[in-house]
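Accompanying notes for the structure given below.
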2 protein chains.
Amino acid sequence: MFELLIKSIQAKVPSTEEELQLCKSHFTPKRLRRKQFLLQEGDVCNRTAFIEKGAMYSYTTDAKGGQRVMQFAFEGFWISDLYSFFTREESKLNIEALEDCELLLLDHEQHEYLLKNVPQYETYTRILYQNAYVALQQRLEGTIGLTAEEKYSKFAEQYSAIINRVPQHLIASYLGITPETLSRIRKQIASR
Amino acid sequence: MFELLIKSIQAKVPSTEEELQLCKSHFTPKRLRRKQFLLQEGDVCNRTAFIEKGAMYSYTTDAKGGQRVMQFAFEGFWISDLYSFFTREESKLNIEALEDCELLLLDHEQHEYLLKNVPQYETYTRILYQNAYVALQQRLEGTIGLTAEEKYSKFAEQYSAIINRVPQHLIASYLGITPETLSRIRKQIASR
DNA sequence: TTTTTTCGTTGACATATGTCAAGATTTCTC
DNA sequence: GAGAAATCTTGACATATGTCAACGAAAAAA
């Protein structure tokens, strides 16, 4: 149940068995079925989720009621609305299971506790945020000022694994293009 | 010279005079004239810069030789290419002074030293990255899947201070639209 | 100041992408 | 396995945004 989390921590911070045990004890396992929500817009996000199994995604709802996908997350990764988590303000995000999931939840209090009492945990989160920031920056580079085709190509290159696991229209939304446009682009690319 | 940096640290982590002094001793002040570079693409980014005075921006160069602005930074903020800084790989970014600047540079070794030896510094950077991540996420929300006008309006709302300090064509680039389009949008908005 | 460079605006036109609607496929659910 | 949802594809058309080129205004450099 905690395999991937332990792996994730050990890969970033050398830790003793005790420290790991202490960390583990603050998480709550939770199963989620496909289409169930971890967070709904309007609520305050009070926890972060580490995915041991399955896939999740987050999205906002725009003025016309359409989804705008912000993030995909799979086994071994975290998902949350950090904005709401840190500021304690209402979230604009929905976080939903794309597949049946096994999650490890860490709520805000436990997070604070670990930060204060387990130095390795602070280092772990620092590295996590560091990497998350860099990843987001790269996403931005792969988005702004590019044509729809360029965006998709970059995405396909970088995240080929995702493509077979996520509905196409969600990828379109993630890239900020319409499903129709994406469908046409794929057809074009295939015909070369 | 160190006023804003000290302020920035104190705002995030309660620290003693000694700790602050220790931190300060690892930074190198540097002046930069308008149009001078802190980093050029192809080099490895070996330092982060805290801006005590002035304004900087970072950008990539696309296939057709055009600029794509990634970030603006002013007094009290940091600028760097964290991707290159952490991975030690060649940077694709240029970081250039928009105005004459007074910077405080922290190179990679000093950064590592502070992380190891000053717990407050690790907490400071953790919070810094946390905030940077959230800010970037919000930028993404204000970019993907919006019309040019929506992007500009959100930007103008959120960063009204920047608008009077940065050439318009750089803002256009930052938003991923052409200078011509931005000019037209501004005209439209003004006529209401 | 004068000169030069950078920056912003505007017009005419081209084009990528969005919109709407219908039908075909695939995937879930019972 | 049958029916129901969800997803993907395609066409016709609308429209936002990009491109190219020229000019004027503003700012920097000399």
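All chains are named by letter (A, B, ...) in the order of the sequence lines, taking the proteins before the strands, and each is independently numbered beginning at 1.
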Minimum-distance nucleotide (side-chain atoms of B:Glu180 versus D:dT10, D:dA21, C:dG8):
D:dA21
Nearest to side-chain heavy atoms of A:Ser183, which nucleotide of D:dT10, C:dC7, D:dA21:
D:dT10
Are A:His169 and D:dA6 close enough that a side-chain N or O sits under 4.0 Å from OP1 or OP2?
no
Between C:dT17 (C1') and A:Glu150 (CD): distance, integer Å:
14 Å
Tell me which nucleotide among C:dT9, D:dG18, C:dT17 gets nearest to the side chain of B:Gln168.
C:dT9
Nearest listed nucleotide, side chain of A:Thr147, among C:dT17, C:dG11, D:dG18
C:dT17
Scan A:Arg68, A:Gln67, A:Glu41 and name whichever one has a side-chain hydrogen bond (donor to acceptor under 3.5 Å, both in side chains) with A:Thr61.
A:Glu41
Measuring centre to centre across the rings, with the benzene-like ring taken for any Trp, is B:Tyr57 within less than 6.0 Å of B:Tyr59?
yes
What is the distance from CD1 of B:Ile163 to C1' of C:dC7, rounded to the nearest Å?
16 Å
With heavy atoms under 4.0 Å as the rule, sort A:Ile177 into base, sugar-phosphate or nothing.
sugar-phosphate
Closer to the 5' end of DNA chain D via nearest nucleotide, is it A:Pro179 or B:Ala148?
A:Pro179
Are the side chain of A:Lys30 and the backbone of A:Leu103 linked by a donor-acceptor contact shorter than 3.5 Å?
no
Considering every strand and a 4.0 Å limit on heavy-atom distances, what is the contact class for A:Gly66: base, sugar-phosphate, or nothing?
nothing
Hey, which of these two, B:Arg186 or B:Lys35, hits DNA chain C nearer its 5' end, going by closest nucleotide?
B:Lys35
What integer distance in Å separates A:Lys64:NZ from C:dC20:C1'?
13 Å
Of the listed nucleotides C:dT19, D:dG18, C:dT6, the one nearest the side chain of A:Arg184
C:dT19
Charged tip of A:Lys24 within 45° of A:Phe2 ring normal and under 6.0 Å
yes
Between A:Tyr159 and A:Arg139, is there a cation-pi geometry (under 6.0 Å to ring centre, at most 45° from the normal)?
no
B:Arg165 has an atom CZ; how far is it from atom C1' of C:dC7, in whole Å?
19 Å
Side chain of A:Arg34, heavy atoms from C-beta onward: which of C:dT29, C:dT17, D:dT10 has the nearest atom to it?
C:dT29
Would you indicate, yes or no, if C:dT10 has its OP1 or OP2 atom less than 4.0 angstrom from a side-chain nitrogen or oxygen of B:Lys187?
yes
Measure CG/B:Leu146 against P/C:dG18 and give the value in whole Å, please.
12 Å
Between the side chains of B:Asp81 and B:Ser91, is a donor N or O closer than 3.5 angstrom to an acceptor N or O?
yes
A:Tyr152 has an atom OH; how far is it from atom C1' of C:dA16, in whole Å?
18 Å
Taken to the nearest whole Å, CD1/B:Ile185 to P/D:dA16 is 11 Å
Specify the separation, in whole Å, of atom CG of B:Asn164 and atom P of D:dA26.
15 Å
Please compare A:Thr181 and B:Thr181 by the position of their nearest nucleotide in DNA chain C and report the one closer to 5'.
B:Thr181
